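These notes are about the structure you will find just below.
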2 protein chains.
Amino acid sequence: MVKDDFDWKIIDLLQKNSRFSFAQISREIGLSPSAVAERIQRLEDENVIKKHISIIDPKKVGYSLKAYITFSIKDFQKYERFLESIEEFPEIIDCSRVTGNDCLIMKVVLVDNTHLENLVNRLSVYGSPSTSVVLSDILTNASLKFPRFDINI
Amino acid sequence: MVKDDFDWKIIDLLQKNSRFSFAQISREIGLSPSAVAERIQRLEDENVIKKHISIIDPKKVGYSLKAYITFSIKDFQKYERFLESIEEFPEIIDCSRVTGNDCLIMKVVLVDNTHLENLVNRLSVYGSPSTSVVLSDILTNASLKFPRFDINI
DNA sequence: GATGAAACTCTGCCGCC
DNA sequence: GGCGGCAGAGTTTCATC
């Protein structure tokens, strides 16, 4: 899927800034613009590149609170009903099913504490949410590195 | 910061696809390309738009495992040393300080179980990591919505 | 698969409103 | 702030290797 170093260089550059033009990338890595365009097209078609997005600062658009909610849903039917209803929760920006006591971990953005309380109430219909409020972001959306670390994996 | 509906439409479109051209956006929302370019520039300058990135599927580049690690570090000096050393952990793609017993929540990508074990060992120098392996992604990098839900916030 | 050239489209800049 | 026009870049397509 990622065939060679050119592919990796393209991925690196797009992870840094997805608005780089084909021409800019071509100058950076030493391929022609059309070759770069073809490779990006291929990586998109193969879903190596899932999407290109702009990251918005939640605080600047009215969401002053961020939190992780771990969510224990013991009843499988309720779990399925929650997944069907997840669109009703625009606060949820990330949601993964995980091993352990809690079956879901979610990242949510909120206007304020009242909003958080409201969300917790609405979630409680399906299971037992447990909230950890984010105090500060240390790292967000870090780039994937070519997986050959110096470290011993 | 986000002045009007035009700004919101631009943000919506860029959250969907950050590679849309100024011209494409201008046709979509009914402004001139130069007005769109100026607005995007302003939103970037004000850090409303933090960055534009391409999302890579970790599985397609050799990371078959994803996990959340909550990390309890009781000793504040060790906490600070960990933050200084975070670059030594390329597996960490997200890291937030949170309220509760665990002081950090991290999202990590890993090659395999051996890699996970290795990471847990390296983290244990600083504190007590607790791992939840991701079974499936239900939602990732969902767009921020204009924060006026129908719901009662 | 990559290249290069041609036709087309977009961007960046400026004066004007 | 937004628009329109223009010169220079960038993109797309296709024939060629």
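Worth saying up front: this structure is predicted, and the values here are computed from it rather than measured. Per chain, numbering begins at 1; letters A, B, ... match sequence-line order.
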Distance-only polar pair, side chains of S72(A) and K74(A), donor-acceptor under 3.5 Å: yes

To the nearest angstrom, the CD-C1' distance between Q24(A) and dG10(D) comes to 10 Å

For a quick check under 3.5 Å, do D45(A) and Q41(A) share a side-chain donor-acceptor pair by atom type? yes

In a check of ring-ring contact (aromatic ring centres under 6.0 Å, His included) between F71(A) and each of F89(A), F82(A), Y126(A), which one passes? F82(A)

Heavy atoms of other groups near E46(A) CD, more than 12 under 6.0 Å: yes

Looking only at the side chain of K3(B) (C-beta and beyond, no hydrogens), which of the listed nucleotides dC10(C), dG1(D), dT11(D) gets closest? dG1(D)

5'-most contact on DNA chain D: R19(B) or F6(B), nearest heavy atom basis? F6(B)

Gap between atoms CZ and P, on F22(A) and dG10(D) respectively (whole Å): 13 Å

In terms of side-chain heavy atoms, does S32(B) have a donor or acceptor partner in S26(B) at a distance below 3.5 Å? no

Rounded interatomic separation in angstrom, taking CZ from F20(A) and C1' from dT11(D): 18 Å

In numerical order, the residues of residues 29-47 of chain A whose heavy atoms come under 4.0 Å of DNA chain C are L31(A), S32(A), S34(A), A35(A), R39(A)

Within the structure, does a side-chain N or O atom of R27(B) lie under 4.0 Å from either OP1 or OP2 of dC10(C)? yes

Between D94(A) and T140(B), is there a side-chain donor-acceptor contact under 3.5 Å, judged purely by atom types and distance? no

Could you check how far CG of D7(B) sits from P of dG2(D), rounded to whole Å? 8 Å

